[in-house]
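Structure record follows, encoded as structure tokens.
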Amino acid sequence: MRVALGQIPVSSRAGVNSQRVRVALWQAANLGADLAIFPEATQVRFGSDLRAAAEPLDGPFCSGLASAAKDTGVALVAGVFEPAPDGRVYNTAVAYDGAGELVASYRKLHLFDAFGHRESEQVAPGSAPVLCTLAGVRTGLEICYDVRFGELSRALAVAGASLLVLPAAWAAGLFKEEHWVTLVRARAIENTVWVAAVGQVPDPDEPPTRAATGIGRSMLVDPLGVVRVDLGPAPGVAVAEVDEDLIETVRTVVPSLHNRREDVFGAPVPVPGL
């Protein structure tokens, strides 16, 4: 399977972002991608009025994502905002297949109440991990701050994920970029899976904000922790191969999942498969 990393700047205007996704998706299609990953909050950047932007998953923005996937034949994952019952929003990753059908949606479990940010003031947490099949590959969905919680990645890997997809809007800050690179590689190494982690980059047409607008550094990391793609700090689209056979090769040499001590630590949280 060929995966595209769609490292785009994200505007406060949903229509601008919809067009950027469509352009990047055609680039990915022309490069032979089967699946394209876009950032967390692709719909509108953080610092915008998230409640005003939030839509149900059959709303205009998600309908545009579905149409783009169908037109290009490329499956996609992107970050959107849904209304939550308590007046907040859900920070959601939606996954569409190459026919434009909604395959899965995942609501961010771990909210970014750290480094002086309070995501929970506007965002309600999800309640369950999500595993689905995209372009024929079993895929676990995570969002940004989730990467700091290794138990989520472990649960998805044990449930059968070959690929972890991680849309993000990683906040800038002291040592933050080093944390991002280290954590993404660690999740691949400890679970012997592929990880496709895709971040925003700041939009030069938008005013500066303290909100998280991304640092770039979108990466594809293999099951040994080798960084196969790193897009650095600038916008771009890159496509590379996800070789599922490599997982079995690595697990023959490093059977860390097999060697887990469930009798001591217990089984990971079960993940329903889609």
Side-chain angles (χ1 to χ4, degrees), residues 1-11 13-45 53-82 90-108 130-144 156 161-169 194-200 218 220 229 231 235-242 244 273-274:
M1 185 258 275
R2 288 175 62 78
V3 63
L5 311 182
Q7 183 167 286
I8 62 172
V10 176
S11 169
R13 295 176 290 166
V16 170
N17 298 325
S18 183
Q19 181 61 23
R20 286 174 177 168
V21 168
R22 184 169 284 274
V23 169
L25 202 58
W26 275 111
Q27 289 179 259
N30 291 334
L31 292 169
D34 302 297
L35 169 65
I37 316 300
F38 293 95
E40 175 187 22
T42 292
Q43 184 180 3
V44 292
R45 74 173 192 162
E55 301 174 356
L57 297 187
D58 58 357
F61 189 82
C62 284
S63 296
L65 295 178
S67 174
K70 183 177 180 180
D71 290 346
T72 58
V74 178
L76 72 84
V77 175
V80 301
F81 296 104
E82 300 176 83
Y90 291 118
N91 183 343
T92 302
V94 288
Y96 293 89
D97 65 18
E101 296 296 322
L102 181 65
V103 173
S105 61
Y106 163 69
R107 292 168 174 170
K108 188 177 183 179
V130 172
L131 179 68
C132 63
T133 299
L134 292 170
V137 174
R138 296 295 282 166
T139 300
L141 302 179
E142 304 185 22
I143 300 174
C144 201
L156 291 166
S162 296
L163 171 67
L164 301 180
V165 164
L166 181 69
W194 289 85
V195 178
V198 178
Q200 297 184 18
S218 298
L220 178 67
V229 177
L231 280 173
V237 175
V239 176
E241 191 76 24
V242 168
E244 287 192 276
L274 296 176

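Counting begins at 1 with the first residue of the sequence.
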Is there a side-chain contact between [X] and [Y] in this structure, where contact means two heavy atoms from C-beta onward sitting under 4.5 Å apart?
| X | Y | value |
| --- | --- | --- |
| V198 | P167 | no |
| V80 | L65 | yes |
| V229 | S218 | no |
| L163 | L35 | yes |
| R20 | P235 | no |
| R138 | E244 | no |

Between [X] and [Y], what is the shortest heavy-atom contact and its length?
| X | Y | answer |
| --- | --- | --- |
| A240 | L220 | CB-CD2, 3.7 Å |
| L166 | C144 | CD1-N, 3.4 Å |
| T92 | I143 | C-CD1, 3.9 Å |
| S105 | V94 | CB-CG1, 4.2 Å |
| V103 | T133 | CG1-O, 3.7 Å |
| S11 | N17 | N-OD1, 2.7 Å |

Looking at R13, I'd like to know if its CZ atom is crowded, meaning that more than 12 non-hydrogen atoms belonging to other residues, nucleotides or ligands lie closer than 6.0 Å.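 No, the 6.0 Å shell around CZ holds no more than 12 heavy atoms from other groups.
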How far apart are the C-alpha atoms of C62 and Y96, what are their side-chain angles, what is the distance that settles it, and do they pass the side chain to side chain contact (heavy atoms under 4.5 Å, CB included) test? CA-CA 10 Å; C62 284; Y96 293 89; 3.2 Å; yes
Does any N or O in the side chain of [X] come within less than 3.5 Å of the main-chain N or O of [Y], such that one atom is a donor and the other an acceptor?
| X | Y | answer |
| --- | --- | --- |
| R2 | L31 | yes |
| E82 | Y90 | no |
| D97 | A75 | no |
| E55 | F61 | yes |
| Q200 | E40 | yes |

What distance do [X] atom [atom1] and [Y] atom [atom2] have between them, rounded to the nearest 0.5 Å?
| X | Y | atom1 | atom2 | result |
| --- | --- | --- | --- | --- |
| S63 | L57 | OG | CG | 9.5 Å |
| L25 | I8 | CG | CD1 | 10.5 Å |
| L5 | L231 | CG | CG | 5.5 Å |
| T139 | I37 | OG1 | CD1 | 7.5 Å |

Member of T72, V239, V237 meeting the side-chain contact (heavy atoms from CB on, under 4.5 Å) criterion with Q27: V237
Sorted by chain and residue number, the side chain to side chain contact (heavy atoms under 4.5 Å, CB included) partners of Q19 (sequence neighbours excluded) come out as R22, V23
